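Since the structure comes first, as structure tokens, the remarks are kept for the end.
Fair warning: this is a prediction, and the values are worked out from it, not measured in the lab. Per chain, numbering begins at 1; letters A, B, ... match sequence-line order.
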Protein chains: 2
Amino acid sequence: MRCIGQSSEEKIKEAARKVFLKKGFDGTTSRDIANEAEMNIALTNYYFRSKEKLFLEIFKDLLNLYFQDTIDIFNKDIPLREKIIESVDHTFEMVKKEPDLVIFIMNEVHKEPERLVPDLNFLRQVKNSKLAQQLSDEIVKGNIRPIGVENILPMLCGYIQFIFMGKNIHMKVFEVTEEQFAVFAEDHKNIIKDMIINYIFLPK
Amino acid sequence: MRCIGQSSEEKIKEAARKVFLKKGFDGTTSRDIANEAEMNIALTNYYFRSKEKLFLEIFKDLLNLYFQDTIDIFNKDIPLREKIIESVDHTFEMVKKEPDLVIFIMNEVHKEPERLVPDLNFLRQVKNSKLAQQLSDEIVKGNIRPIGVENILPMLCGYIQFIFMGKNIHMKVFEVTEEQFAVFAEDHKNIIKDMIINYIFLPK
DNA sequence: TTATATTTTAAATGTTTGTTTAAATTATGC
DNA sequence: GCATAATTTAAACAAACATTTAAAATATAA
């Protein structure tokens, strides 16, 4: 094995990740991946047996990327207000760093929901996080409105995600540049945080 | 021309609309469309010249469906509070009726933003609606926080849309049925309305 | 060095893709 | 009814598809 740089297997996986994220499973051909990796077309099947197997491996990684840090934040031992801010901020940074991730996950799961089945145990962590207990506690104390994880999850993650999923539409509708969109997104992020906190917490 | 029922052209267009919405452009084959329409494979090209042309025609219709009613509501001569409620309610009904529409538009525009270029004039109506003026007026009067159309649009439409785009993910994460999801969605719709109004309007 | 195992290659596999063809069928206008 | 136009059909098209093959090249281990 050549030990300078990545192995061929890694090169292919990274290239495939890039192309799948950009074009989705249906829009990606084996040749696209081979070209991106600058490798022979046969190597994809030599290392991963099929396009589908390679996709599923990458999909698993990306689903992890999509949820793991959020789960970790939900499980942190910090006050609710802080957790809300950190969650929104993290989602914002995540979609900024990996702009194709959300629409990719949404679209692939929409077309074939059963792709999530092998990761059901992983997904369950979302609803069983510390945040759930934290919400119940604060509700009992009368500090916040009665609200469950299922309703706060989209607020903390989904709203921001939507802004970036609809980036191209926004840019056309409001006729703005990338830079202007970035300003808008930052602005909207702060509105979301204010709005959630303003809504959730009850006046003393 | 046979005048009982639809024309062949209409049959094909309707079938194509159905399949494109479900599987997207890349995931749809000419034979899928012909099968769905129960028509000969050659008729797609006889009536629409190519798969691409047929797609663009349908895409235009769907983009209209996605935006037109919202634009109309934005232009209504009704109080802001009422307009907010009506917008959210309309979005909710729209995505319930056409569950694949939002992810379809999002995904196709994400892959190829230039598909929106022919409809730029149509899209401009969103930001030039009466709602924009209405917001400025209320801001000057000190009734609401300073906020622009670009920030209120996602609140009125996007948040609800996200809930339905992520339907399959939600159902797996929270292990609920279709019926339970419907209850959740309804619930979240009301939260969104409360949250927006609670945030936008300043106390007298 | 030599034998063996791993990796890479060009070429070919059989399907499926979008699209076209030319003939067959049906409708239309006089 | 008959000529013409419009529609529908089965079949074929080349190109692109995922995947396989078998030989060539390279690395490994003795």
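For the pair A:Asn35 CG and D:dA16 P, the computed distance is 13 Å after rounding to whole Å. To the nearest angstrom, C1' of D:dA16 lies 12 Å from NZ of A:Lys51. Rounded to an integer number of Å, the gap from A:Lys11 NZ to C:dT7 C1' is 13 Å. Taking atom CD of residue B:Glu52 and atom P of nucleotide C:dT19, one finds them 9 Å apart after rounding to whole Å. With rounding to whole Å, B:Met39 atom CE is found 12 Å from D:dT9 atom C1'. Protein atom CG of A:Leu54 is 11 Å distant from nucleotide atom P of D:dA18, rounded to whole Å. Note: CG (A:Asn40) to C1' (D:dT20) measures 12 Å, nearest angstrom. Rounding to whole angstrom units, CZ of residue B:Phe48 and C1' of C:dT20 are separated by 18 Å.
Closest non-hydrogen pair, B:Val149 versus B:Ala132, comes out as CG2-CB, 3.4 Å.
Under a 4.0 Å N-O distance rule, the pair A:Glu98/A:Arg17 qualifies as a salt bridge. Of the charged side-chain nitrogens involved, at least one lies within less than 4.0 Å of a carboxylate oxygen, so that A:Lys13 and A:Asp61 count as a salt-bridged pair. A salt bridge is absent between B:Glu82 and B:Lys76; no separation between the charged side-chain nitrogens and carboxylate oxygens falls under 4.0 Å.
Applying the 6.0 Å contact sphere to CD of B:Glu178 captures no more than 12 heavy atoms from other residues, nucleotides or ligands.
Residues A:Phe20 and A:Phe59 keep their aromatic ring centres 6.0 Å or farther apart.
For A:Tyr47 and C:dT8, the shortest distance from a side-chain N or O to OP1 or OP2 is below 4.0 Å. Remark: A:Tyr46 is in phosphate contact with C:dT7, judged by side-chain N or O atoms under 4.0 Å from OP1 or OP2. In terms of phosphate contacts, B:Ser8 brings a side-chain nitrogen or oxygen within less than 4.0 Å of OP1 or OP2 of D:dT8.
Across all strands shown, A:Thr44 has no heavy atoms under 4.0 Å from either base or sugar-phosphate atoms.
One N or O donor and one acceptor, one from the side chain of A:Arg31 and one from the base of D:dA18, sit under 3.5 Å apart.
Listed in residue order, the members of residues 19-26 of chain A having a heavy atom less than 4.0 Å from DNA chain D come to none.
Taking the centre and axis of the six-membered ring of A:Phe92, the NZ or CZ atom of A:Lys189 falls inside the cone set by 45° and 6.0 Å.
Residue whose closest nucleotide on DNA chain D sits further toward the 5' end, between A:Asn45 and B:Leu43: B:Leu43.
Listed candidates were D:dT19, D:dA10, C:dT19. Nearest to the side chain of B:Ile41 is C:dT19.
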